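Structure record follows, encoded as structure tokens.
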Number of protein chains: 2
Amino acid sequence: MSASEESPHSGAGERITDAEHAVMEVLWDRPRQTAAEVCEDVCAARGWSLATVKTLLSRLVQKGALAAEPDGRRFLYTPLIAREAYVGGESRRLVDRLFGGSAASLVAHLAESEALTEDDLAEIEALLKELRA
Amino acid sequence: MSASEESPHSGAGERITDAEHAVMEVLWDRPRQTAAEVCEDVCAARGWSLATVKTLLSRLVQKGALAAEPDGRRFLYTPLIAREAYVGGESRRLVDRLFGGSAASLVAHLAESEALTEDDLAEIEALLKELRA
DNA sequence: GCTTGATGATTACACCTGTAGTCATGGCGA
DNA sequence: TCGCCATGACTACAGGTGTAATCATCAAGC
């Protein structure tokens, strides 16, 4: 595999954890939000307090995953890494770990374990057609 | 998706960590091995000591992921959860977290990010044909 | 000016994880 | 028989993670 894995995903080196990921999703959906705004989106769903969100935001800024743009007394947070990059990285990690790096094996597994609905199959087929075209 | 996600993976409730997973792989490959034997397979690759492997084995037994069958003074360890179940669970977790539960989205992402080689595509196509047949 | 509320920074803390050392015990060779 | 080695159990400990309280500070209102 020769996975050097030293490439910066658009500036972020450190690993984004699960809780942090929830915060990222909110900001990917709509960038430039304050801590309070982010909290409005996730605190209820995850049972968090505003303090928790602030901690996560800080850690994400530290990790270089978020930019904190000063706006008066507070900050507007914006993702520095693209969702694409993150999703891609995580997917690759899974494929490497569990399927020996073969994405096709993943698909095969999903198919065989019936994780794919008829609609999924159709969608994938269409996608493949497009790709091979 | 209505993911109740309470389904037992053949008896294992707790989450298997990364280091533990490496041990599981060895035992999935060949069950009923002693700690020393497992170590022969992973210690070199991961730079572990035998002690580390023993700890991981213990934790896995605790978690219900391994059975420890007494064999004289030592134990022979054997997976209690099928690799299929583990891989399936992990895959589903990823799909749920990053692709809103849509496996097709995952495939689409892999395809678009060029994580799929021409061979992969061919393989998947063949697979689909088989499934739809 | 002084209080108050909003807000980021700092600190806290328990649990998990990776990694390993030490201990107790029992079989086996000398 | 006696000490040694193999082996699992127990203990350890640093760093990461989830979750949050507290602190310092500043803007705005009284």
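Note that the coordinates shown come from a computational prediction; the quantities given were computed from them, not determined experimentally. Just so it is clear: chains get the letters A, B, ... in the order the sequence lines come, proteins before strands, and each one is counted from 1.
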5'-most to 3'-most nt of DNA chain C touching chain B (<4.0 Å, heavy-atom partner on protein side) reads C:dT17 to C:dG27

A:Asp119: partners by side-chain contact (heavy atoms from CB on, under 4.5 Å), with sequence neighbours left out: A:Thr117

What are the residues of residues 18-41 of chain A, sorted by number, that bring a heavy atom to within less than 4.0 Å of DNA chain D? A:Asp18, A:Ala19

Ring pair (Phe, Tyr, Trp, His ring centres under 6.0 Å) involving A:Trp28 - partner list, sequence neighbours excluded: A:Tyr86

Run A:Glu40 and A:Gln33 through side chain to side chain contact (heavy atoms under 4.5 Å, CB included) and show every step you take. CA-CA 10 Å; A:Glu40 267 172 47; A:Gln33 293 189 70; over 6 Å; no

Once you apply a heavy-atom cut-off of 4.0 Å, does B:Ser49 come out as touching a base, just sugar-phosphate, or nothing? sugar-phosphate

If you define the side chain from C-beta out and look only at heavy atoms, does anything of B:Tyr77 sit under 4.5 Å from B:Val53? no

With sequence neighbours excluded, residues passing salt bridge (Lys or Arg N to Asp or Glu O under 4.0 Å) with A:Glu123: none

Sugar-phosphate, base or nothing in reach of B:Arg73, heavy atoms under 4.0 Å: base

With nearest nucleotide decided by heavy atoms, which residue, A:Thr55 or B:Ala51, maps closer to the 5′ end of DNA chain D? B:Ala51

Which pairs, with at least one residue in residues 23-38 of chain B and sequence neighbours excluded, count as a salt bridge (Lys or Arg N to Asp or Glu O under 4.0 Å)? B:Glu25-B:Arg83, B:Arg32-B:Glu69

Sorted by chain and residue number, the salt bridge (Lys or Arg N to Asp or Glu O under 4.0 Å) partners of B:Glu130 (sequence neighbours excluded) come out as none

Closest contact, heavy atoms only, B:Ser91 versus A:Leu106: OG-CD2, 4.1 Å

Answer yes or no: is there a donor N or O on one side and an acceptor on the other, between the side chain of A:Thr55 and the main chain of A:Ala51, under 3.5 Å? yes

With sugar-phosphate meaning primed atoms plus P, OP1 and OP2, does B:Thr17 contact a base, only sugar-phosphate, or nothing at under 4.0 Å between heavy atoms? sugar-phosphate

So which pairs with a foot in residues 49-58 of chain A pass salt bridge (Lys or Arg N to Asp or Glu O under 4.0 Å), sequence neighbours left out? none

Taking every heavy atom of A:Ala103 against every heavy atom of B:Leu110, the minimum-distance pair comes out as CB-CD1, 4.1 Å

Can you pull out how bent the helix from C:dG1-D:dC30 to C:dA30-D:dT1 is, comparing the axes over its first five and last five pairs, to 10°? 30°

For DNA chain D, which nucleotides open and close the run of contacts to chain B, 5' to 3', at under 4.0 angstrom from a non-hydrogen atom? D:dA6 to D:dA12

Pairs flagged by disulfide bond (SG atoms under 2.5 Å apart) wherever residues 25-95 of chain B is involved - sequence neighbours left out: B:Cys39-B:Cys43

Let me know, please, whether A:Arg59 or B:Phe75 comes out on the 5' side of the other along DNA chain D by nearest nucleotide. B:Phe75

How would you list, by chain and number, every residue that makes a side-chain hydrogen bond (donor to acceptor under 3.5 Å, both in side chains) with B:Ser58, sequence neighbours excluded? none

